[in-house]
Amino acid sequence: MTGSIVSASSFTEAQELDCDVCIVGSGAGGSVLAAGLVSRGLDVVMLEAGSHYTRKHFKGNQAWAFDHMYQERAGRATEDLAITVLQGRSVGGSTTINWTTCYRTPDRILAHWAEHHGVDGITPSIMGAHFDAVEHRLNIKEWPLESANGNNKVLLRGGEALGWSPHALKRNVRGCVNSGYCGEGCPVDAKQGMAVSYLADAVRDGLRIISNCEVESIGWRGRTAETVQGQALDPETDHPLGIGVTVRAKVIVNAGGSINGPALLLRSGIEASGRVGKRTFVHPVAGVSGIYDEAIGPWAGAPQSVGCHHFSDRGPDKMGFFLEAAPLQPMLASTVGSLYGAEHATFMRQLGNAGVVIALGIDGLLPNDVGGEVVLKGDGRVALRYPIEQPLIECLRASHKEMARCHLAAGAKEVATLHVTPVVIRSEAELSKLDAAKYGAHEQSLFTAHVMGGCAMGGTAESSVVDSELRMWDFDNLFVVDGSVLPTSLGVNPSETIYALAHRARDRVASAV
Amino acid sequence: MGTTRRRFLTYGIGGVLLLLAPAVGLSLRKSVLVESKRPLKVLSPRQFSTLSALADTLCPGDDRLPPARDLDVAEELDTLWSRMHPGVGADLGAALDLLENALAGAVLDQRFQTFTACEPDMRSKVLSDWSHSVIEVRRAVFKALRGFVMAAYWGNPKTWGELGFRGIADYSAVPSPPPFEEASL
C-alpha cells in the first residue's frame, strides 16, 4: 500500500482518522521510527506543522529558506533573546536544513547517562548496530579533507599547528556537489535528510503524512493516550484555517523536537510532576572571526567538514566545548555582532576573506547544570528560558581565547569577537584582552542549532519523563522519540544520536500497538 | 509657620503638575511619518516610520550600497511579522514605540525629540546607547530589531555583488542521486 503526503490546507472539512500509531513531527526521530513501523505492517499517520518542500523549491536562497523552513521564520530565540535558536520546520524537520554533520554518541556520554541518570540498555555495544544501520541508509561517511572549504581549512590548519588533532567529520550525503546550500535545502537531493530517505521509504510502504497540520493537544485518560487534535494551517501565513484534524491511535508518539514537543505535552496537561520542559540543553555557540589575506569564501562548499574535540573534557569542574566552522552567507553573517552603519558595511565587504570558528559548550554534564526550561506563555507562545551562569561564562571566556589562537595559528591578520564592541586581536600578546571582556547575555552573539532535552529519559519515574525505552512513565502507549529525551547535551552534533535512538525504539513502539 | 495639610497638598500637587508638564510635552512630540509603499499589515504608521528610520540608520548605504529604504526593508519586515504569531508583531511594535518615544529618550538617552525627528548622527548615537546600555532589555531590543533589519537588507540580492558573493547558483540540471538500494552502498 502506497502512502501519501497531503497538506491539511487542502481539506475542506474537519478530518477524523484512525490508525495504529500517530507520530507528531517528521524530523530525525519521527521519520526513522515511522519507516520501521510501516515496514512492520503498521498503519501510521504522521502530522507535521510545516510544509512539504522538495528540491524544486531549493534555490539556495537564505531569505526564502529562513522564511519557509525554520521555526518562527528563523526568529526563534530564548525568552531573553540572548541566544538565537535555529530549528527546522518542514517535512523532514531540521534534517532538511541542517549542515549534515554526523557523529555517534560519545562513549563517555552514554556512560554518564548510565551512571548519573539511570539510563539502561543504551550502551556502545547495543547502540553499535543501530548506528551501523542508520549510517548505511543515510550514507554517513567521512568527508575528505581535500574537499573541505576555506573556512574549515582554517580550523584544520590552526588546530594542527596547535596540536589539537582536528579531524575530518562525517556527513549524510550522496552525490554532494559541494554547493554550500545545506542550510537552505539541498538543491540536488544529495543530503540524505529525512524527506528523501526514511520518509520516502515510509511513504512507499504506506505512511500517511499530513503537512501544514499543527498539533494542539493530546487527549488522554488515565494511563492511555487516545487522540491527537490538530488544526490545518495556511501554508503561506501559518494562520489557522479553522479546520480540525483528529487522529485516534492505539499508540501516540511525540516527535516534535525539544521545544515544540514539551510544549505539546504541557498544553495537553501532561507534566510528569513538573519535569516536562526541564533539563533543556542547547550546546550554546559562540563564534570568533578571522580576516585572512587570501580568499576564504566562507559561503561555498560543505558547511562543516572539520571538527576538533581537544577541549571537550576540561576536567570535572569546567564546562567543555568543541570546535567547528560555520558557513557565512551574507544574510546570516550580517545578523551576528552589533555593528551597524559604515563599520558594518566594512565588515561585510571583508566577508569573502573571513573565516569563523565556533565553540559549542557541552552543557548538562556538571552536577548542578540543569540547563533551561520550556514554558508556555499566556498568549499561547512557547518560550525557552536558558540561564547563562558562571560555568558557561567561564567556558565562553576560555573558548574565545582558543578560537582566537586558532585563527592566529592559521594565519589570520586580524581576529575579532562578536561582542557588542568587538575585541580585536592581531597577535598572541593581545589575547589577554579576552580576559577583560564581558561574557553573558547580550554581551556577545550566542546561537544554538542543537536543542536537546526537555523530556529526559532516566532510570526512575521520580527523576525523568521517559524510561530507557522512550515510553512516558505515566502512560502505557505514549512515547517520546526525538532529541528531547536526551538527559544531557552530547558534545557532538545530535542528529545521528536521534536517528539511532529512534531506530532502537522501533521494536518497543511496535510492540505497544 | 508650620506646613498644613492643605498647604502640603497644594504645593505637592502643583509640584507634580510642574514636573509632569515637560514629560507630557515630551511624550506628545510629533513623529516624522514616512509613507509605506504597501498597505501596512501589522505596524501602525508611526511604528513603520520608526522602523524605516531605524533601518536607514543601521544600513544607510554609501556610494556602492543602497540605503535600506531603497530595498523596502521596513515594508518587507511588516509583511514578515504579519506571518508570525500576533504576539511577535505586538512585541516588536511596542519596542519601536519605546525607541520613538521622546520622553523615554529624554530620560534614557538625553535626547528631546522622537527618534524619527532626530538627525542621522543623533539616531546613530541613540542606537549606540541602546546597544551598550546597562539595561539588559534595551540591549535585547536593539539586538532583535538589528537582526531583523540586517537580515532583510543583506538577504536582498542587490547587496551581494559588493561582497563578491556569487549568489545563487542554478543546480536544476544536476540529477538527483539514484534511488537507495540495499546493494548499492
- Task: Taking the side chain as every heavy atom from C-beta outward, state whether B/Trp160 and A/Met348 have any pair of such atoms under 4.5 Å apart.
- Result: no
- Does B/Ser128 offer a backbone N or O that forms a donor-acceptor pair with the side chain of A/Tyr340 under 3.5 Å? yes
- Please find out if less than 6.0 Å separates the ring center of A/His136 from that of B/Phe180. yes
- Relative to chain B, which of A/Pro187, A/Ala190, A/Ala342, A/Ser197 shows the most heavy atom pairs under 4.5 Å? A/Pro187
- Message: Is it the case that the side chain of A/Tyr181 and the backbone of B/Ala169 share a donor-acceptor pair, with hydrogens and angles ignored and the cut-off at 3.5 Å?
- Response: yes
- Task: Mark yes or no for whether A/Arg349, through its side chain, and B/Glu162, through its backbone, hold a donor-acceptor pair below 3.5 Å.
- Result: no
- Please determine if B/Arg83 and A/Asp234 form a salt bridge, counting it only when a charged side-chain N lies under 4.0 Å from a carboxylate O. no
- Can you tell me how far CZ of A/Phe66 sits from CG of B/Leu80, rounded to the nearest 0.5 angstrom? 12.0 Å
- Task: Against chain A, work out which of B/Gly87, B/Cys59, B/Pro175, B/Pro60 has the most heavy-atom pairs shorter than 4.5 Å and name it.
- Result: B/Gly87
- Message: Run the side chain to side chain contact (heavy atoms under 4.5 Å, CB included) test on A/Thr237 and B/Met84 for me, step by step, so that the C-alpha distance in whole Å, both residues' side-chain angles and the decisive distance to 0.1 Å come before the verdict.
- Response: CA-CA 8 Å; A/Thr237 66; B/Met84 298 174 77; over 6 Å; no
- Message: Keeping B/His85 on the side-chain end and A/Asp379 on the backbone end, is there a donor-acceptor pair under 3.5 Å?
- Response: yes
- So what's closer than 4.5 Å to chain B heavy atoms on A/Ser179: side chain, backbone, both or neither? both
- Message: If you compare all heavy atoms of B/Asp91 against all heavy atoms of A/Arg381, which two are closest, and at what distance to 0.1 Å?
- Response: OD2-NH2, 3.0 Å
- Item | Main-chain N/O of A/Leu339 paired to B/Arg146 side chain as donor or acceptor, under 3.5 Å | yes
- Message: So for atom NZ, which belongs to A/Lys377, do other residues, nucleotides or ligands contribute more than 12 heavy atoms lying within a distance under 6.0 Å?
- Response: yes
- N-O pairing of B/Asp170 and A/Lys59 below 4.0 Å: no
- Item | A/Ser334 side, atom OG; B/Tyr153 side, atom OH - distance, nearest 0.5 Å | 10.5 Å
- Message: Side chains of B/Thr159 and A/Pro330, heavy atoms from C-beta outward: is any pair under 4.5 Å?
- Response: no
- Task: For each of A/Gln62, A/Lys56, A/Glu72, A/Glu236, tally heavy-atom pairs with chain B at distances under 4.5 Å, and name the one with the top tally.
- Result: A/Glu236
- Under 6.0 Å from the CD atom of A/Glu294, do we count more than 12 heavy atoms belonging to anything else shown? yes
- Query: Quick one: what part of A/Ala333 sits under 4.5 Å from any heavy atom of chain B, side chain, backbone, both or neither?
  - Reply: neither
- Quick one: what part of B/Ser172 sits under 4.5 Å from any heavy atom of chain A, side chain, backbone, both or neither? backbone
- Determine, step by step, whether A/Thr421 and B/His132 satisfy the side chain to side chain contact (heavy atoms under 4.5 Å, CB included) criterion, reporting the C-alpha distance in whole Å, the side-chain angles of both residues, the deciding distance to 0.1 Å, and the verdict. CA-CA 8 Å; A/Thr421 300; B/His132 291 87; 2.6 Å; yes
- Item | Closest-packed option against chain A by number of heavy-atom pairs under 4.5 Å, given B/Gly147, B/Ala151, B/Ala144 | B/Ala151
- Task: Report the residue from A/Thr84, A/Val420, A/Thr335 that forms a side-chain contact (heavy atoms from CB on, under 4.5 Å) with B/Lys143.
- Result: A/Thr84
- Query: Any idea which of B/Val149, B/Thr57, B/Val88 has the most non-hydrogen atom pairs under 4.5 angstrom with chain A?
  - Reply: B/Val88
- Query: From A/Leu328 CG over to B/Phe165 CZ, what is the distance, rounded to the nearest 0.5 angstrom?
  - Reply: 11.0 Å
- If every non-hydrogen atom of B/Asp62 is compared with every non-hydrogen atom of A/Ala345, which pair is closest and at what distance? OD2-CB, 4.5 Å
- Message: For chain A, which candidate among B/Glu76, B/Glu136, B/Arg139 shows the most heavy-atom pairs at distances under 4.5 Å?
- Response: B/Arg139
- Task: Using a cut-off of under 4.5 Å on heavy-atom pairs, state which of A/Met331, A/His442, A/His344 scores highest against chain B.
- Result: A/His442
- What part of A/Val196 gets closer than 4.5 Å to chain B, counting heavy atoms only: side chain, backbone, both or neither? neither
- Donor-acceptor under 3.5 Å (A/Arg174 side chain, B/Pro178 main chain): yes
- Item | Heavy-atom closest contact (A/Arg55 atom, B/Tyr171 atom, distance) | NH2-O, 3.2 Å
- Task: Quick one: pull up NE2 in A/His239 and OG in B/Ser82 and give me the separation to the nearest 0.5 Å.
- Result: 6.5 Å
- Task: Hey, could you give me the OG/CH2 distance between A/Ser338 and B/Trp130, rounded to the nearest 0.5 Å?
- Result: 14.0 Å
- The reported gap from CD in A/Gln329 to CG in B/Leu163 (rounded to nearest 0.5 angstrom) is 11.5 Å
- Item | Structural part of A/Gln350 lying under 4.5 Å from a heavy atom of chain B | neither
